[in-house]
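Notes follow once the structure below has been shown.
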Amino acid sequence: MIAPSILAADFARLADEAAAVSGADWLHVDIMDAHFVPNLTIGLPVVQSLRKATELPLDCHLMIDEPDRWAIGYAEAGAVNVSIHAEAAEDPRRIARDVRAAGALAGLAVDRDTALEPYLDLLPDFDTVLVMTIKAGFGGQDFIPALLDKVRLARRHSSSGHLRLHVEVDGGIDDQTIVAAAEAGADVFVAGTAVYAADDPGKAVEALRARARAVMDPT
Ligand code: DX5
Ligand code: ZN
């Protein structure tokens with residue numbers, strides 16, 4: 001699945017920017033609070049409005065403190081997936097339970113400097129693992145190949161445990177790096193700059209999908 005990140009879009013024209021990628025699978029929405037990360041973006045009211053402005057499933061990535069308090073609101077607002085950061089959550093299992101009960105998939109995100117091993121036991125409670133391939137906070141950074149070890153680990157772990165788990169990569173994904181991420185076992189690819197800095201964002205989504213598909217289904 002290709003999930004364009006509206007962090008790289010024009011925030012004054014979000015409905016149009018969503019329409020420009022109508023062939024995408026999810027629309028990735030970065031929620032930042034200037035505490036968990038230094039940057040500040042949007043919150044629940046914008047997600048509620050966006051829900052009415054596009055039919056694309058909304059993939060909410062919460063880079064915020066106190067996800068225990070806020071995550072459920074995004075699920076209730078109709079997000080398809082709500083990812084919280086392992087570093088910020090007090091009780092990730094309870095958040096996952098609440099998010100799922102509200103009808104969304106539950107995602108567990110790990111930032112650049114966070115190992116995945118301590119969280120493997122939590123994965124049966126989650127639907128998505130979001131592996132940051134940059135340091136969370138800003139778009140337009142360079143992809144860090146070494147972080148794909150976490151993607152490999154997540155994919156190995158989910159296969160051996162018979163879990164149905166999306167492994168999502170976020171940060172620096174373009175038509176080159178998506179190949180390495182797909183080879184490592186990712187199946188959801190977030191792309192901000194590579195989509196919205198392109199002349200035709202819709203075509204950029206198709207090009208990314210073709211690159212990932214060539215790895216995942218070479219026939
Ligand atoms: C950064 C965000 C990403 C960001 C990726 O913390 O989580 O979703 O939009 O942007 P690019 O694709 O430009 O690296
Ligand atoms: Zn993100």
Side-chain angles (χ1 to χ4, degrees), residues 1-11 14 17-18 20-21 24-43 46-47 50 56-65 67 70-71 74 79-89 104-114 126-148 150-151 154 166-182 186-199 201 204-205 207-209 211-212:
M1 293 197 283
I2 307 296
S5 168
I6 56 164
L7 186 62
D10 180 348
F11 273 23
L14 285 182
E17 296 283 64
V21 295
D25 300 282
W26 288 355
L27 190 67
H28 186 79
V29 183
D30 288 305
I31 313 297
M32 305 189 191
D33 66 350
H35 288 268
F36 179 72
V37 288
N39 200 3
L40 179 67
T41 57
I42 57 167
V46 179
V47 170
L50 204 50
L56 282 172
L58 302 181
D59 173 32
C60 291
H61 176 195
L62 272 51
M63 284 160 278
I64 60 171
D65 282 343
W70 298 107
Y74 291 87
V80 67
N81 181 77
V82 179
S83 290
I84 52 124
H85 265 270
E87 306 86 357
L105 301 177
L108 187 70
V110 283
D111 204 352
R112 181 190 66 188
D113 301 329
T114 304
F126 284 85
D127 306 287
T128 307
V129 180
L130 191 166
V131 175
M132 293 304 303
T133 39
I134 54 167
K135 170 86 179 150
F138 297 92
Q141 304 178 62
D142 286 343
F143 177 81
I144 304 169
L147 299 178
L148 290 181
K150 285 189 256 187
V151 172
H166 290 301
V167 181
E168 183 171 8
V169 282
D170 185 4
I173 297 296
D174 61 21
D175 61 357
Q176 304 297 316
T177 57
I178 196 169
V179 173
D187 67 330
V188 183
F189 306 91
V190 177
T193 309
V195 169
Y196 281 108
D199 290 337
V205 168
L208 287 168
R209 183 181 283 126
R211 299 283 285 172

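We count ligands from 1, going down the list as the structure has it; atoms in each ligand are counted the same way.
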**Complete:** The protein heavy atom nearest to atom 12 (O) of ligand 1 is Gly192 N, 2.8 Å
**Complete:** Within the 4.0 Å heavy-atom cut-off, what Thr193 brings close to ligand 1 is both
**Asked** Quick one: does Thr41's side chain have a donor or acceptor within less than 3.5 Å of a partner on Met32's backbone?
**Response** yes
**Message:** Please list the nearest protein heavy atom to atom 7 (O) of ligand 1 with its residue and the distance rounded to 0.1 Å.
**Reply:** Asp170 OD2, 2.8 Å
**Message:** Which residue and atom name correspond to the protein heavy atom nearest atom 10 (O) of ligand 1, and how close is it?
**Reply:** Gly139 CA, 3.5 Å
**Message:** Among all the protein's non-hydrogen atoms, which is closest to atom 9 (O) of ligand 1, and how far away is it?
**Reply:** Ser5 OG, 2.7 Å
**Atoms in ligand 1 flagged as close to His28, the criterion being non-hydrogen separation under 4.0 Å** = 8 (O)
**Request:** Provide the atom name of the closest N, O or S atom of Asp30 relative to the Zn ion (ligand 2).
**Result:** OD1
**Asked** Going by the atom numbers of ligand 1, which of them fall below 4.0 Å from some non-hydrogen atom of Val190?
**Response** 8 (O)
**Message:** Taking 4.0 angstrom as the limit and counting only heavy atoms of Ala136, give me the atoms of ligand 1 inside it, by number and element.
**Reply:** 6 (O)
**Asked** In ligand 1, which numbered atoms sit nearer than 4.0 Å to a non-hydrogen atom of Met63?
**Response** 6 (O), 7 (O)
**Message:** Could you tell me, atom by atom, which parts of ligand 1 come under 4.0 Å of a heavy atom of Gly137?
**Reply:** 1 (C), 6 (O)
**Asked** Is there a heavy atom of Lys135 sitting under 4.0 angstrom from any atom of ligand 1?
**Response** no
**Message:** Main chain of Met63, side chain of Asp30: is a donor-acceptor contact present, judged purely on distance under 3.5 Å?
**Reply:** no
**Per-atom contacts, ligand 1 versus His61 - under 4.0 Å to a heavy atom** = 7 (O)
**Fill in**
the protein heavy atom lying closest to atom 1 (C) of ligand 1 turns out to be Phe138 O, 3.7 Å
**Message:** side-chain contact (heavy atoms from CB on, under 4.5 Å) for Val47 and Leu58? Distances and angles first, verdict last.
**Reply:** CA-CA 8 Å; Val47 170; Leu58 302 181; 4.2 Å; yes
**Prompt:** Which one of Ala109, Ala9, Gly140 has a non-hydrogen atom at the shortest distance from atom 11 (P) of ligand 1?
**Reply:** Gly140
**Request:** To the nearest 10 degrees, could you say what angle the Zn ion (ligand 2) makes with OD2 of Asp170 and ND1 of His61?
**Result:** 90°
**Item:** Nearest protein heavy atom with distance in Å, relative to atom 14 (O) of ligand 1
**Value:** Gly172 N, 2.8 Å
**Request:** Give the name of the N/O/S atom in His28 that lies closest to the Zn ion (ligand 2).
**Result:** NE2
**Message:** Below 4.0 Å from ligand 1: does a non-hydrogen atom of Ala191 turn up there or not?
**Reply:** yes
